[in-house]
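Okay, structure first, notes after.
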Amino acid sequence: MGKLSAYLFGLLSLCLGLSACRSDDEEIIHHQEEQVDTASVATPKDTASVKGFFLLNEGNMGSNKCTLDYYDATTGKYLRNIYAEANPGVVQELGDVGNDLQIYDGKLWVVVNCSHLVEVMEQRTARHIGQISIPNCRYITFQDRYAYVSSYAGPVQTDPNARLGYVAKIDIDRMEVVDSCAVGYQPDEMAVIGNRLYVANSGGYRFPYYDSTISVIDLNTFSVVNTIDVAINLHRLAVDSQGFLWVSSRGDYYGVPSRTYVVDPQTYRVTDVFDIPNMGMTVSGDSLFIYGTEFSYMTSAWDVAYSIINTRTRQVVTDCFITDGTEKEIEMPYGIAVNPDTHEFYIADAGNYVSPGMLYCFTPDGRKKWSVRTGDVPSRFAFTHIMLAY
C-alpha cells in the first residue's frame, strides 16, 4: 500500500501501509510528491516554528473530489492527495466540496459542505477519527472544549424562502452536537472575541434579498445578544491585534460593489469602510492581506486586486502586494495565508474551477518564489508547528 514519508508531519516516522481494509482489487490512490523549494529558511532552534501547512482543495460541486495536500516547509516537499492513502477504508474519501479547514486539539477538522458533515482526523497522520453530521455546513471555529459550525440549515439551492441558518455547538471530546443557536440567513465565517461569537450572515440563497447582519452570540448562554447591521452578502471575518473585527461584503454583483468593513465589537458599530473588494483576507501582525475577485453582471468582467491595509493606522499600504508582475500568472485567487515565521505568503489559484489549481509562494517583498500544482479548487490553509523538547 505504500507509505507517506516520515517528513510529512515531522514529529515521528509514520507508516500508512495499514492492514487490509479494502479488497485487493480496489484502487487505492497514492499521494504524489514534488520538490518545490530547495532554499527553505532555516528553522529557529529556540522557539516553536512552522513545520508546514495542510491545503484543502474544495473539489468541484457534485464530483466528490475534495482532497488534502501537505507542504513540508523544512524540506521543501509538496505532497498531493494524502487522505486516500492514509484512509484506505474510507471509500468516499473526503467528500463533496471542502469548505473549511482548521487545526485544533491535535486534530484536523474539515467542513465538507455538500456532504453535510465535519470530518475529523489526527493531525499527525491525517487518519480518520470520526464524522459529525451537520446540514449544509460552512465554517468552523473553536473556544475551549467546543467547536462551532455555521450551517445554512436547508438544502444546497437558491431559495428566496430559505429558512434561517444556525450555529451548531460541538463537544469536541464526545464529537457530537450538543446545542444550536439560530442566527441570520445563510451564515458563513465566524470569529470569537472574548466570550462572544460573531457570525457573518450572507443571505446568499435569497437573492436579491440578501442578509446584511452579524449575529452576536454569548457563548455562556449560547444565545444571540445583539445583531449588527453592516452590508449585504457578508462572508469573511478576521480579528486584528487591537481586537477589531474586519468584515467582507461580496455586494450583489450588479450595482453594489464588494467592500471591506471594520466593526468595533465593544460598541457594535461600523467604524471604517474601504472601497476594496474582498473575497478573502488574513491578518499578519498589523497588516491585513486582502485579495479581491469581483465579478459584475453589468460588465461581465472580473476585477482582481491584492491589497494590504495597516490595521492600526487604517491606511491602505498597497493595492498590489505582488511586486514582480507575476500576479498575471494567477487565473483566479481563491485562498491566502502568511507564514508567521518567514512572512512568506501563499496564494491558492482555483484556475477554471474544474481542473487542478495552483499554489504560489511569494517572498515577503512580493516576489514569486515557487509554484506547484494542487488538487481542484485549492482554498484553505492550516499551519503545523514543530514541537520542541524542553
Side-chain angles (χ1 to χ4, degrees), residues 1-22 26-43 49-59 63-90 93-95 98 101 103 108 110 119 121-128 329-330 334-335 337 339 341-342 344-351 355-362 368-387:
M1 287 188 179
K3 299 178 181 179
L4 290 181
S5 302
Y7 55 73
L8 174 56
F9 305 107
L11 301 181
L12 64 158
S13 295
L14 297 170
C15 175
L16 296 182
L18 305 179
S19 57
C21 295
R22 300 185 184 189
E26 285 183 289
E27 178 184 6
I28 294 175
I29 301 174
H30 295 278
H31 76 278
Q32 298 174 332
E33 178 182 314
E34 186 171 345
Q35 183 78 44
V36 298
D37 183 14
T38 58
S40 297
V41 176
T43 301
S49 58
V50 169
K51 166 76 170 122
F53 58 77
F54 291 96
L55 176 63
L56 181 68
N57 303 291
E58 283 190 6
S63 66
N64 196 52
K65 289 177 65 177
C66 173
T67 60
L68 187 66
D69 296 350
Y70 185 80
Y71 172 63
D72 188 327
T74 67
T75 65
K77 294 184 187 295
Y78 190 85
L79 285 77
R80 283 184 291 270
N81 196 12
I82 65 173
Y83 183 86
E85 189 172 345
N87 299 281
V90 181
E93 300 182 14
L94 270 174
L101 168 70
I103 292 176
L108 276 169
V110 176
E119 166 74 14
M121 293 167 272
E122 293 178 352
Q123 178 188 334
R124 294 185 181 185
T125 64
R127 287 176 178 162
H128 168 84
E329 298 179 17
I330 303 173
Y334 205 67
N339 185 314
D341 283 350
T342 66
E344 295 171 340
F345 61 89
Y346 308 91
I347 298 291
D349 180 4
S355 57
M358 294 291 294
L359 172 66
Y360 293 85
C361 173
F362 294 88
K368 179 184 170 183
K369 188 175 180 182
W370 51 260
S371 62
V372 68
R373 180 173 57 84
T374 67
D376 291 4
V377 197
S379 60
R380 304 291 286 186
F381 298 80
F383 284 99
T384 63
H385 292 79
I386 296 171
M387 303 303 294

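We count residues from 1, following the sequence as given. The shown structure was predicted, so the numbers you read here are calculated from the model rather than taken from an experiment.
Heavy atoms only, all atoms of each residue included: Gly335 and Phe381 are closest at C-CE1, 3.9 Å. Ile330 and Asp349 make their closest contact through CA-OD2, 3.5 Å (heavy atoms, listed as atom of the first residue, atom of the second, distance). Ala348 and Pro378 get closest at one heavy-atom pair: CB-O, 3.5 Å. Residues Gly375 and Asn57 approach most closely at N-OD1, 3.3 Å, considering heavy atoms. Nearest heavy atom pair, residue Leu101 against residue Arg380, reads CD2-O, 3.6 Å. Taking all atoms of both residues into account, the shortest heavy-atom contact from Ile103 to Gln123 is CG2-OE1, 3.2 Å.
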Under the side-chain contact (heavy atoms from CB on, under 4.5 Å) criterion, do Leu94 and Met121 qualify, and how do the steps go?
CA-CA 11 Å; Leu94 270 174; Met121 293 167 272; 4.2 Å; yes
Does the salt bridge (Lys or Arg N to Asp or Glu O under 4.0 Å) test come out yes or no for Glu329 and Lys368, once each step is laid out?
CA-CA 10 Å; Glu329 298 179 17; Lys368 179 184 170 183; 2.8 Å; yes
Could you walk me through whether Val110 and Tyr83 pass side-chain contact (heavy atoms from CB on, under 4.5 Å), step by step?
CA-CA 12 Å; Val110 176; Tyr83 183 86; over 6 Å; no
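Within the 3.5 Å criterion, the main-chain N or O of Ala126 finds a donor-acceptor partner in the side chain of Asn87. Between the side chain of Thr384 and the main chain of Gly52, a donor-acceptor pair closer than 3.5 Å is present.
When each of Glu122, Glu93, Glu119 is checked for a side chain to side chain donor-acceptor pair (under 3.5 Å) with His128, only Glu119 meets the rule. The one candidate from Tyr346, Phe345, Tyr70 that meets the ring-ring contact (aromatic ring centres under 6.0 Å, His included) condition with Phe53 is Tyr346.
Using a 4.5 Å cut-off on side-chain heavy atoms (C-beta onward), Asp376 and Thr67 make no contact. Between Gln35 and Lys77, some side-chain heavy-atom pair lies under the 4.5 Å cut-off. Taking 4.5 Å as the limit, every side-chain heavy atom of Leu359 sits out of range of all side-chain heavy atoms of Asp69. Considering only heavy atoms from C-beta on, His31 stays 4.5 Å or farther from Arg80 through its side chain.
With values rounded to the nearest 0.5 angstrom, Ile82 atom CD1 is found 7.0 Å from Leu79 atom CG. Here the CG atom belonging to Asp341 is positioned 13.0 Å from the NZ atom belonging to Lys51, to the nearest 0.5 angstrom. Note: Leu55 CG to Ser379 OG = 7.0 Å, rounded to the nearest 0.5 Å.
Centroid-to-centroid, the aromatic rings of Trp370 and Tyr78 stay 6.0 Å apart or farther.
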